[in-house]
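Below is one structure, written out as structure tokens; the observations come after it.
One-based numbering, in listed order, for ligands and for the atoms of each.
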Amino acid sequence: MEKPIKIGLLGAGTVGSGVLQVLQENAKEVFLKVGAPVEIKSVLVRDAKKARPYMDGLIVTDKIEDILEDAEIKIVVELMGGLHPAREYMLAAMEAGKHVVTANKDVIAQFGADMFDQAKKQNVGFLFEASVGGGIPIIRPIMESLTANRITEVMGIVNGTTNYMLTKMTELGESYESVLKEAQEKGYAEANPAADVEGLDAARKAAILASLAFNTRVTLQSVAVEGITQITPEDIDYARQLGYVIKLLAIAKDSPEKGVDVRVHPAFLPKEHPLASVSDVFNAIFVKGNAIGEAMFYGRGAGSRPTASAVISDIVSLARGIVSGEVREIAFQVFGQKQFCPIEETVSAYYVRLLVADMPGVLGAIANAFGDEGVSLNSVIQTRKVGELAEIVAITHHVKHRRIERAKRVLSSLPVVTKISSVIRVETPPTSEVE
Ligand code: NAP
Ligand code: HSE
């Protein structure tokens, strides 16, 4: 019988404990797929004295050297999260000749190039399926199964925490604070949930997906990001009245004329849109290619066992390579660098909610302000009063982002406008060319 393949696990939190649990539960399945037993030997944690499940017979340590210097350990699985020391530990593991698996989108979105270069230099595998979409297979499909295509667009819901929150706020009218707490309790949220609600987690994933799909380097810094912290129950209610739902979308487009456009922001989605029914912790990602057309990937985007499923798939892939004597997938390589499309040049319809003076001529003044900046209005409604003020909701036709920004500046300077409460994109296809 083949010798067991030994693993060093860095981190035994939500995902790490899921990996321990599922790998023990499915040991026989994994053995049959690899042709050798795959076993976790050592686990690195901050607090090595804490009692934890699924640890019987394992070495529990708070010293990385215990794993790096153990020649028997062939694969290091990094599930600590954060940039440091996760990045340094992974680089050191590769330096020590170990293959690396990670779910860490922070490191890949910021230092992906270094990680891939180090893996290539050291001739070790570096896999990261769980870094995007939790349990959904999306990295390998883009890196391998869809390589025949020129991919033009990747769009989806890639953050489980915010999707869970928006779903509960929409369906049950729960408060922002209580749904965030629920998402944390369920293990969906990052250690610092600001990364989820401010859109950074989704932006890191968008950067990774765009790099792989368009074969160009996209880091977090190149992604325009807006989170859900400004979304109010009023916006959710207006969306419902108008036939939409609000979702946090990651959008990456590659067009020869405009360049690469990668952004994360909340958007009104028509209720009939396939992403509108993706609820709770589920994620879904559309990929558009010039041969396949559209493909959609759907599943649980966060949580202990779904994410463990993706991590273990990478472990199995590397373990098979170890058994056969050839780790086939070394690391992703980027061979191009494309131009980026500035956010000001991106095009969308917009929902704009305003508090204005309730007096004759106000609607006209507002319509003129939009019109003067080249923003054409699709519809305007006035349904409620807030004290002495009237609330107006306008939906625009498609317009460049710079025009809506200019219109916002002009509107804020009008004496009749007390407040621009919200500006949210409306994700519908444009009906004509936009100047
Ligand atoms: P977590 O619950 O916070 O667990 C982190 C684990 O790492 C803990 O066991 C912690 O030790 C250990 N750790 C942290 N810093 C350490 C250090 N400096 N030295 C030694 N051990 C350290 O995190 P998680 O939710 O499992 O997430 C892990 C990774 O998976 C992150 O990159 C995250 O983005 C990614 N991810 C998470 C999910 C999800 O649904 N949660 C889904 C996809 C990807 P102690 O237990 O002693 O504190
Ligand atoms: N915090 C992340 C989310 C975990 O909610 O999607 C999965 O990457």
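Closest heavy-atom contact between Leu318 and Gly125: CD2-CA, 3.9 Å.
Close placement of the Phe128 and Phe116 rings is indicated, their centers lying within 6.0 Å of each other.
In terms of N/O distances under 3.5 Å, ligand 1 is approached by Val15. When only interatomic distances are considered, the shortest N/O to N/O separation between Thr161 and ligand 2 falls below 3.5 Å. Remark: ligand 1 and Gly303 share an N or O pair separated by less than 3.5 Å (distance only, no angle test).
Arg425 forms no cation-pi arrangement with Tyr350, by the criterion of a distance under 6.0 Å to the ring centre and an angle within 45° of the ring axis.
The contact set between ligand 2 and Asp196, taken as ligand atoms under 4.0 Å from a residue heavy atom, comprises 1 (N), 2 (C), 3 (C), 5 (O). Atom numbering of ligand 2 starts at 1 in the shown order; those under 4.0 Å from a heavy atom of Tyr188 are 1 (N), 2 (C), 3 (C), 4 (C), 5 (O). Listed by number with element, the atoms of ligand 2 under 4.0 Å from a non-hydrogen atom of Glu190 are 1 (N), 2 (C), 4 (C). In the vicinity of Ala103, heavy-atom distances shorter than 4.0 Å reach the ligand 1 atoms 30 (O), 32 (O), 35 (C), 44 (C). For ligand 2 and Lys105, the ligand atoms under 4.0 Å from any heavy atom of the residue are 4 (C), 7 (C), 8 (O). The distance from ligand 2 to the heavy atoms of Lys205 drops below 4.0 Å at these ligand atoms: 2 (C), 3 (C), 6 (O), 7 (C), 8 (O).
Ring geometry for His273 against Phe286 counts as perpendicular: the plane angle is over 60°, on a 0 to 90° scale with 30° as the lower cut. Between Tyr164 and Tyr188, the ring-plane angle classifies as perpendicular under the 30° and 60° cut-offs.
Looking from atom 46 (O) of ligand 1 to the surrounding protein, the closest heavy atom is Arg52 NH1, 2.8 Å. When only non-hydrogen protein atoms are considered, atom 4 (O) of ligand 1 lies nearest to Gly13 CA, 3.3 Å. Looking only at protein heavy atoms, the nearest one to atom 2 (O) of ligand 1 is Thr14 N, 2.9 Å. Of the protein's heavy atoms, Met80 O, 3.6 Å lies nearest to atom 5 (C) of ligand 1. Nearest protein neighbour of atom 3 (O) of ligand 1, counting heavy atoms only, is Ala191 CB, 4.4 Å.
Less than 4.0 angstrom separates atom 23 (O) of ligand 1 from none of the non-hydrogen atoms of the protein.
Side-chain contact check for Asp254 and Thr152: no donor-acceptor pair (N or O, by modelled atom type) lies under 3.5 Å.
The backbone and the side chain of Asn159 each have at least one atom closer than 4.0 Å to an atom of ligand 2 (non-hydrogen atoms only). Here Val132 has no heavy atoms under 4.0 Å from ligand 2, in either its backbone or its side chain.
With distances taken over non-hydrogen atoms, the option nearest atom 7 (C) of ligand 2 out of Gly134, Gly301, Ala202, Gly160 is Gly301. One option in Ala130, Pro85, Gly187 has a heavy atom closer to atom 41 (N) of ligand 1 than any other, and that option is Gly187.
In summary, of the residues considered (Lys41, Lys6, Lys63, Lys98), a salt bridge (charged side-chain N to carboxylate O under 4.0 Å, His left out) with Asp70 occurs for Lys41 alone.
Atoms CZ and CD1, on Arg353 and Ile381 in that order, are 11.0 Å from each other to the nearest 0.5 Å.
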